[in-house]
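To keep things clear, I will list the structure first and then write my remarks on it.
Residue numbers start at 1 and run along the sequence shown.
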Amino acid sequence: MIKKSQEHLNSVNESYAEHMSVAFKVGSKMITGGFMVLIHGLIPAIFQRNASNGIKELYNFINQKR
């Protein structure tokens, strides 16, 4: 497991702390976006573009990192 983790960190050119920071940022944005979508499903008038904009931002962020 340690060897595979190190291989992954090398492939994304990040230290453990950098990778953890990026993963937490992406994960928290995904969780927040998920809640917005669930609320939007209940009340369509709110969060009309937040989730789709968040997905686009995450896509761009991840692609810029690589």
Side-chain angles (χ1 to χ4, degrees):
M1 171 110 64
I2 293 172
K3 183 179 177 182
K4 285 196 171 265
S5 293
Q6 190 60 51
E7 288 172 358
H8 176 64
L9 293 172
N10 292 340
S11 74
V12 294
N13 196 31
E14 292 175 344
S15 70
Y16 180 80
E18 290 170 327
H19 190 270
M20 184 172 56
S21 174
V22 170
F24 280 22
K25 179 179 180 176
V26 170
S28 64
K29 286 185 177 277
M30 291 174 74
I31 290 168
T32 302
F35 281 124
M36 287 181 186
V37 169
L38 293 172
I39 293 168
H40 172 73
L42 294 170
I43 308 167
I46 59 176
F47 300 131
Q48 293 180 25
R49 305 258 188 283
N50 295 70
S52 58
N53 289 342
I55 291 168
K56 291 173 191 172
E57 287 175 18
L58 278 174
Y59 176 82
N60 290 332
F61 175 75
I62 291 170
N63 282 321
Q64 287 174 358
K65 291 290 294 171
R66 294 185 178 197

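At a threshold of 4.5 Å between non-hydrogen side-chain atoms, the residues Phe47 and Val37 do not count as touching. Contact check for Met20 versus Glu14: no side-chain heavy atoms found under the 4.5 Å cut-off. Taking 4.5 Å as the limit, some side-chain heavy atom of Val12 sits within range of a side-chain heavy atom of His19.
Within the 3.5 Å criterion, the main-chain N or O of Phe61 finds no donor-acceptor partner in the side chain of Gln64. A donor-acceptor pair under 3.5 Å is formed between the side chain of Ser11 and the backbone N or O of His8. The closest donor-acceptor contact from the side chain of Ser5 to the backbone of Met1 lies under 3.5 Å.
Rounding to the nearest 0.5 Å gives a distance of 11.0 Å between CG of Asn50 and CD1 of Ile55. Atom CE in Met36 sits 10.0 Å away from atom CG in Asn53 (nearest 0.5 Å). The structure places CG of Asn10 at 4.5 Å from CD of Gln6, a figure rounded to the nearest 0.5 Å. In this structure, CG on Leu9 lies 9.5 Å from CD on Glu18, to the nearest 0.5 angstrom. Atom CZ in Arg49 sits 9.0 Å away from atom NE2 in His40 (nearest 0.5 Å).
Considering every non-hydrogen atom in both Lys25 and Ser28, the closest pair reads O-OG, 3.0 Å. Taking all atoms of both residues into account, the shortest heavy-atom contact from Ile46 to Ile39 is CD1-CG2, 3.4 Å. Across every non-hydrogen atom of Ala51 and Gly33, the tightest pair is CB-O, 4.3 Å.
Under a cutoff of 6.0 Å and an axis angle of 45°, Lys29 and Phe24 do not form a cation-pi pair.
At a threshold of 4.5 Å between side-chain heavy atoms, the hydrophobic network of Ile, Leu, Val, Met, Phe, Trp and Tyr places Val22 and Met30 in one connected group.
Within a 6.0 Å radius of CG in Asn60, other residues, nucleotides and ligands contribute more than 12 heavy atoms.
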